[in-house]
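So the structure is just underneath, and the comments pick up after that.
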Amino acid sequence: MGEHFQPRPDVALRAGYHSPQVDVDVRLNTNESPMAPPEAFLDAVAAEVGRVAWNRYPDRGASELRARLAELHGVAPEQVFVANGSNEVLQTLTLTYAGPGRSVAVFEPTYAMHAQIAKVAASEVAEGARAADLSLDLAEVRRVIDESSPAITYVCSPNNPTGMVESRETVRAVLAMVPGLLVVDEAYAQFAPWSALELVDEDTPLVVTRTFSKTWSMAAARLGYLVGPSWVVAELEKVVLPYHLDSLKQAAGVIALDFVPEMERRVAELVEERGRLVAALVDLPVQVWPSSANFVLFRPLERDGDTVWQDLVDQSVLVRNCSSWPGLDGCLRVTIGTPDEDDRFLDALRKALS
Ligand code: PMP
């Protein structure tokens, strides 16, 4: 065999990004909902399978889904863009507004795909650091913006993997500084006390991204969206692939929106369970960060993070190993599961720490 043709050198994945899909009993590593959507949702989607015109391309504008999301958030359908997971929303934003010769600002540690998508799109990544307590540092935001004039600036709230929410004042302050678009990634917003959706209007370069993967219990469907000015949405529509969102998924999204109270009930249950999990963690020799999301970041104090992670896997419990992420030496992140799953995790962790 001769030499293989090599891919672009700038597309190499940041080490440790992909969460390993290990076959374990208790999976608490990717912040999914531990609960299935309601039976009535599943029945309605099953009925829809027989109604889809499978020989036809889907509604390219996803008009019904966008209208329903617009209604939910009190905006116009032209202010909603939908795609295959919020990751595709972020990718389309990046392809449209960043790319070669433009930069994307991120504040680490944060959701790794923000930088990864920027790199794959051949953008520069302007990396700022969070403060020692992992909160967003406005002086650092100022420095990064002055230095790189980013086309896209990311704020993740609640932030993955820290679980911290940025305040209204902080988001407003960042908005006043950005020379391009501000993207507030709200994948976990239903767990948070406020949403940047209230700051969206036609004159503000702000978009807010959301997903069906977490609170909607629909990670398998790959569905996400953004709310922002219609002039942004119109540009994204030019860049995204034609018919990118299949008919069944559009229908599933519409059906999901008939079950808002059920979704809110699941969120409330997870918030209560998060309280129980955090209360148990603070009794153990670990540092715990306060969370406004469906996961908790913690750092074993007396044992190395990699060892604890492996010890948990050996007990068939999978959490996210964040040890190699910037500023997160020895840290692990656990998704809130069902009470049974969380008990299994806590038992395994107690053993791993002893
Ligand atoms: N943003 C954040 C902050 C996330 O944690 C995730 C999922 N891990 C996503 C976006 C992507 O979610 P999806 O593509 O499933 O909508």
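- Put simply, CG on Leu281 and CZ on Phe345 are 5.0 Å apart, with the number rounded to the nearest 0.5 Å.
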Legend entry - Residues Asn84, Leu245; criterion side-chain contact (heavy atoms from CB on, under 4.5 Å); working and verdict: CA-CA 6 Å; Asn84 294 284; Leu245 208 66; 3.6 Å; yes

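- The side-chain hydrogen bond (donor to acceptor under 3.5 Å, both in side chains) with Tyr111 is formed by just one residue from the set Asn160, Asn87, Asn159; it is Asn87.
- Panel note: side chain Trp54, backbone Val49; a donor-acceptor pair is recorded below 3.5 Å.
- Donor-acceptor pairing under 3.5 Å is lacking for the side chains of Ser148 and Glu124.
- Side-chain atoms of Pro300 and Pro285, non-hydrogen and from C-beta on, never get closer than 4.5 Å to each other.
- Enclosure of atom CD in Glu198 by more than 12 non-hydrogen atoms of other residues, nucleotides or ligands within 6.0 angstrom is indicated.
- Checked by atom type and distance alone, the side chain of Arg130 pairs as donor or acceptor with a backbone atom of Pro109 at under 3.5 Å.
- Judged by distance alone, the side chains of Ser135 and Asp133 do bring a donor and an acceptor atom under 3.5 Å apart.
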Inset, instruction - Could you walk me through whether Arg350 and Leu284 pass side-chain contact (heavy atoms from CB on, under 4.5 Å), step by step? - result: CA-CA 8 Å; Arg350 281 186 198 104; Leu284 298 175; 3.7 Å; yes

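- With no hydrogens or angles considered, no side-chain donor-acceptor pair links Gln310 and Asp306 at under 3.5 Å.
- For Arg344 (side chain) and Val26 (main-chain N/O), no donor-acceptor pair under 3.5 Å exists by modelled atom type.
- Side chains of Gln79 and Leu69 form no contact here, defined as non-hydrogen atoms less than 4.5 Å apart.
- The closest side-chain donor-acceptor pair between Glu202 and Ser230 falls under 3.5 angstrom.
- For the pair Glu237 and Arg66, the salt-bridge criterion is met [side-chain N within less than 4.0 Å of a carboxylate O].
- By the criterion of side-chain heavy atoms lying less than 4.5 angstrom apart, applied directly or through intervening Ile, Leu, Val, Met, Phe, Trp or Tyr residues, Trp231 is not grouped with Val80; the two fall into different hydrophobic clusters.
- Here the straight-line distance linking atom CZ of Arg168 with atom CG of Leu199 works out to 7.5 Å at 0.5 Å rounding.
- No side-chain donor-acceptor contact under 3.5 Å links Lys214 to the backbone of Ala187.
- Taking each heavy atom of Ser217 and Ser33 in turn, the nearest pair found is OG-OG, 3.0 Å.
- Residues Val227 and Arg210 are not in side-chain contact: their nearest non-hydrogen atoms beyond the backbone lie 4.5 Å or more apart.
- Side-chain N or O atoms of Arg333 include none that pairs as donor or acceptor with a backbone N or O of Cys322 at under 3.5 Å.
- Cluster note: Leu301 groups with no other residue, as no ILVMFWY side-chain heavy atom lies under 4.5 Å from it.
- Minimum heavy-atom separation, Pro229 to Val200: N-CG1, 4.5 Å.
- A donor-acceptor pair under 3.5 Å is formed between the side chain of Ser316 and the backbone N or O of Asp25.
- When all heavy atoms are compared, the tightest approach of Ala98 to Ser123 is CB-OG, 3.6 Å.
- In the hydrophobic clustering of ILVMFWY residues, with side-chain heavy atoms under 4.5 Å counting as a link, Val286 and Ile336 come out together.
- Of the possible donor and acceptor atoms, none in the side chain of Ser86 sits under 3.5 Å from a partner among the backbone N and O of Val89.
- Between the side chain of Gln250 and the main chain of Leu65, no donor-acceptor pair closer than 3.5 Å is present.
- Residues Phe41 and Met218 have side chains in contact (heavy-atom distance under 4.5 Å, counting atoms from C-beta outward).
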Inset, instruction - Show the numbers, then the answer: is there a side-chain contact (heavy atoms from CB on, under 4.5 Å) between Val317 and Val24? - result: CA-CA 6 Å; Val317 174; Val24 289; over 6 Å; no

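- More than 12 heavy atoms of other residues, nucleotides or ligands shown are found within 6.0 angstrom of CD on Gln315.
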Inset, instruction - Kindly determine whether Arg274 and Asp342 satisfy salt bridge (charged side-chain N to carboxylate O under 4.0 Å, His left out), including the steps that lead there. - result: CA-CA 9 Å; Arg274 180 182 73 205; Asp342 296 341; over 6 Å; no

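- Ion pair Arg266/Glu269 not flagged as a salt bridge, since none of the NZ, NE, NH1 or NH2 atoms sits closer than 4.0 Å to an Asp/Glu carboxylate oxygen.
- Separating the CZ atom in Phe298 from the CG atom in Leu277 is a distance of 8.5 Å, to the nearest 0.5 Å.
- Ion pairing of Arg299 with Asp329 is absent here, as no side-chain N (NZ or NE/NH1/NH2) approaches a carboxylate O to less than 4.0 Å.
- When the side chains of ILVMFWY residues are joined at heavy-atom separations under 4.5 Å, either directly or via intervening members, Val104 and Val171 end up in two distinct hydrophobic clusters.
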Legend entry - Intermediate values then yes/no, salt bridge (charged side-chain N to carboxylate O under 4.0 Å, His left out), Glu169 and Arg172: CA-CA 5 Å; Glu169 293 66 38; Arg172 278 224 185 90; 5.0 Å; no

Inset, instruction - Carefully, step by step, assess Val183 and Leu226 under the rule side-chain contact (heavy atoms from CB on, under 4.5 Å). - result: CA-CA 9 Å; Val183 177; Leu226 70 71; over 6 Å; no

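- No more than 12 heavy atoms of other residues, nucleotides or ligands shown are found within 6.0 angstrom of CD on Glu64.
- A 6.0 Å sphere centred on CZ of Arg27 holds no more than 12 heavy atoms belonging to other residues, nucleotides or ligands.
- Here the closest non-hydrogen pair linking Thr162 and Leu297 is CA-CD2, 4.1 Å.
- Val82 and Met263 fall within a single hydrophobic cluster, where Ile, Leu, Val, Met, Phe, Trp and Tyr side chains are chained together by heavy-atom contacts under 4.5 Å.
- Aromatic pair Tyr188/Phe295: ring centres closer than 6.0 Å.
- Tracing side-chain contacts under 4.5 Å through hydrophobic residues (I, L, V, M, F, W, Y), one never reaches Leu134 starting from Val288; they form parts of separate clusters.
- Considering only residues two or more places apart in sequence or on other chains, Ser149 meets the side-chain hydrogen bond (donor to acceptor under 3.5 Å, both in side chains) condition with none of them.
- The closest side-chain donor-acceptor pair between Arg320 and Asn31, if any, does not fall under 3.5 angstrom.
- No side-chain donor-acceptor contact under 3.5 Å links Thr204 to the backbone of Leu206.
- Tyr97 pairs by the ring-ring contact (aromatic ring centres under 6.0 Å, His included) definition with nothing, not counting sequence neighbours.
- Residues Pro205 and Leu175 come closest through the heavy atom pair O-CD1, 4.2 Å.
- Judged purely by atom type and a 3.5 angstrom limit, Glu108 has no side-chain atom pairing as donor or acceptor with the backbone of Gly327.
- Nearest heavy-atom pair across Cys156 and Glu166 is O-CG, 4.4 Å.
- Taking CH2 of Trp309 as the reference point, atom CG of Leu332 lies at 9.5 Å (rounded to 0.5 Å).
- Relative ring orientation between Phe81 and His244 is described as parallel, the plane-to-plane angle staying below 30° on a 0-90° scale split at 30° and 60°.
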